[in-house]
Amino acid sequence: MITEKGTVKTSIVHDEKVYSELNKSMHNLGILYIVCGAIIFVLGLLLIGITALEGLEDSSNFILIVVGAVFVVLGIFFLIMCSKSAKTALQYKRTQELEFFGDYLLEKGYTDGEHTSTNKIYYKWIVRVKETANFIFLYNTRATALAVDKNSLPPEELNTIRSLVGKAPKPAPVQSDNKEEQ
């Protein structure tokens, strides 16, 4: 919403959807590690079986089994960490308000309905901007991100936010006013 000061203001409740999209790359990486690790592990077992049938002893195939197992364990670790971090964060009812000014944004945090923090963040301090299907994540550090719900804003305000944080605005969808008369 555009405020009386001419700023863009948005609010978001941190829920499963936010954390799911925020951690999607780590979740996908965990799945990739598990799949690749399982393939390498099975390949190692097959090679050991083949060399045993031929009467050869090749201990280098055990390396494949170990590497495969390490990848599977890392993948499981990534999936557990994604789940655990989301569950920990969801214990509190956290709401975040962002107000975008010309040179900076104000972030106000509310936990269980109580105002708990206010931060002034200059756009030049934003380390990374990640846009997903439903959110724009503004990383003010390498590990923490502020979320903007794209579905709660009209296209003009969303493009204003994109331009303020240094991301190119997307063109608004073209709507045709021409109606065919029958």
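Any value given below was found using the heavy atoms of this structure, including those in side chains, with hydrogens, waters and symmetry copies removed.
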Quick one: sort the Tyr123 and Phe100 rings into parallel, tilted or perpendicular, breaks at 30° and 60°.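 It falls in the parallel class, under 30°.
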Main-chain N/O of Ser117 paired to His115 side chain as donor or acceptor, under 3.5 Å: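 Pair found, side chain donor or acceptor close to backbone of Ser117.
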Is the shortest side-chain heavy-atom distance between Phe135 and Val148 below 4.5 Å?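 No, their side chains stay 4.5 Å or more apart.
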Within the structure provided, determine whether Arg162 and Ile136 are in side-chain contact (heavy-atom separation under 4.5 Å).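 A side-chain contact under 4.5 Å exists here.
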Give, for atom [atom1] of [X] and atom [atom2] of [Y], the distance between the pair rounded to the nearest 0.5 Å.
X: Arg128; Y: Phe137; atom1: CZ; atom2: CZ; result: 10.0 Å
X: Asn119; Y: Leu106; atom1: CG; atom2: CG; result: 9.0 Å
X: Leu105; Y: Leu138; atom1: CG; atom2: CG; result: 6.5 Å
X: Cys82; Y: Asn28; atom1: SG; atom2: CG; result: 9.0 Å

Please test Lys108 against Glu114 for salt bridge (charged side-chain N to carboxylate O under 4.0 Å, His left out), starting from the C-alpha separation and ending with a verdict. CA-CA 11 Å; Lys108 293 181 182 177; Glu114 180 183 349; over 6 Å; no
Show the nearest heavy-atom pair for residues [X] and [Y], with the distance to one decimal.
X: Gly75; Y: Tyr33; value: CA-CB, 3.7 Å
X: Ile65; Y: Phe41; value: CG2-CE1, 3.2 Å
X: Ser11; Y: Glu97; value: OG-CG, 3.8 Å

Give a yes-or-no answer on whether the side chains of [X] and [Y] include a donor-acceptor pair shorter than 3.5 Å.
X: Thr144; Y: Asn140; value: yes
X: Lys120; Y: Tyr122; value: yes
X: Glu99; Y: Thr7; value: yes

What pairs of donor and acceptor atoms, side-chain ones from residues 18-26 against any protein atom, are under 3.5 angstrom apart with sequence neighbours left out?
| from | atom 1 | to | atom 2 | distance (Å) |
| --- | --- | --- | --- | --- |
| Tyr19 | OH | His14 | ND1 | 3.3 |
| Glu21 | OE1 | Thr132 | OG1 | 2.3 |
| Glu21 | OE1 | Asn134 | N | 3.4 |
| Glu21 | OE2 | Asn134 | ND2 | 2.5 |
| Asn23 | ND2 | Tyr19 | O | 3.4 |

